[in-house]
Amino acid sequence: MSFQIETERLLIRDVQEKDFPILLVQYAEPEGRRGILSYQADETHNRQVLEMAMASAEAPQRQLYNLSVTLKTDQTLIGSCSISNVLPESIETSIGWHYGSRYWGKGYGTEAARALLYIGFQLNDVTEIYADCFADNLASIRIMEKIGMNSSWNLGLFNFIRGWSYGESRPSIRYTISRNQWLENNQSGGRI
């Protein structure tokens, strides 16, 4: 049975093979490349990630949700998002996203990121979730702040070290949110 979750405007579901061509084009867009890791611009790598996403969706103890994001109105595929290392009580759960540039600035990333927190905290009882991005990726930083994440250990040299850990020569920053913070921000018991 495949996974899907709905938000106000989006249907977020397991990646399907029919999604590959659109997602691969979105990963290759010059506008979006400056926000992703160098190896994530490689089509072969991305195809393998998408194939792995389909395989992991079948795992009995699912730890990875690599999801396609579509508009509810007409099922247009606008991008993808993911939550990985999804284990009860985990403090190493991470989220990420990538959208086609024509869908930027419309709030879709924030809406889907809220759904990722719901998947982690409400459906899987993780303890803490983090997201990393390059220090100059202001759009991703805004998403992280809008969903209630806080800057975590983002100090000069440490940002470069985190970037180097990804094989990059650019500083990377981290934002985190705990399950308790998320529940506090969502008094209704954890809505999307």
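What you see is a predicted model, and the numbers here were worked out from it, not measured in a lab. Computed over heavy atoms, backbone and side chain alike; hydrogens, waters and symmetry mates excluded.
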>> The criterion is ring pair (Phe, Tyr, Trp, His ring centres under 6.0 Å); which residues satisfy it with Tyr99, sequence neighbours excluded?
In response: none
> Does any pair with a residue in residues 66-87 pass salt bridge (charged side-chain N to carboxylate O under 4.0 Å, His left out), and if so which ones, sequence neighbours excluded?
Replying inline: Glu6-Lys72
> Roughly how far, to the nearest 0.5 Å, is CZ of Phe121 from CD1 of Ile177?
Replying inline: 5.5 Å
> Do Glu128 and Ser178 have side-chain N/O donor and acceptor atoms under 3.5 Å apart?
Replying inline: no
>> Using 0.5 Å steps for rounding, measure from the CG atom of Leu71 to the NZ atom of Lys106.
In response: 10.0 Å
> Trp97, Leu64: one ILVMFWY side-chain cluster at the under-4.5 Å cut-off?
Replying inline: no
>> Is there a side-chain contact between Tyr103 and Thr76 in this structure, where contact means two heavy atoms from C-beta onward sitting under 4.5 Å apart?
In response: yes
>> Could you check whether any side-chain N or O of Thr93 sits under 3.5 Å from a backbone N or O of Ile129, counting only pairs where one atom can act as donor and the other as acceptor?
In response: no
>> Is there a side-chain contact between Glu184 and Asn180 in this structure, where contact means two heavy atoms from C-beta onward sitting under 4.5 Å apart?
In response: no
> Which value, rounded to the nearest 0.5 Å, describes the distance between Phe3 atom CZ and Leu123 atom CG?
Replying inline: 5.5 Å
>> Before you tell me yes or no, could you show the steps for Gln63 and Leu87 under side chain to side chain contact (heavy atoms under 4.5 Å, CB included), namely the whole-Å CA-CA distance, both residues' side-chain angles and the distance that decides it to 0.1 Å?
In response: CA-CA 6 Å; Gln63 295 180 30; Leu87 298 165; 3.5 Å; yes
>> Testing the basics here: between Ser172 and Asp132, what is the closest heavy-atom pair and its distance to 0.1 Å?
In response: OG-CB, 3.9 Å
Cut-off 3.5 Å, no hydrogens considered: what does the side-chain donor-acceptor table look like for residues 48-57, sequence neighbours left out?
from: Ser56; atom 1: OG; to: Met52; atom 2: O; distance (Å): 3.3
from: Ser56; atom 1: OG; to: Ala53; atom 2: O; distance (Å): 3.0

> If we ignore angles and hydrogens, is there a donor and acceptor under 3.5 Å between the side chains of Tyr175 and Ser140?
Replying inline: no
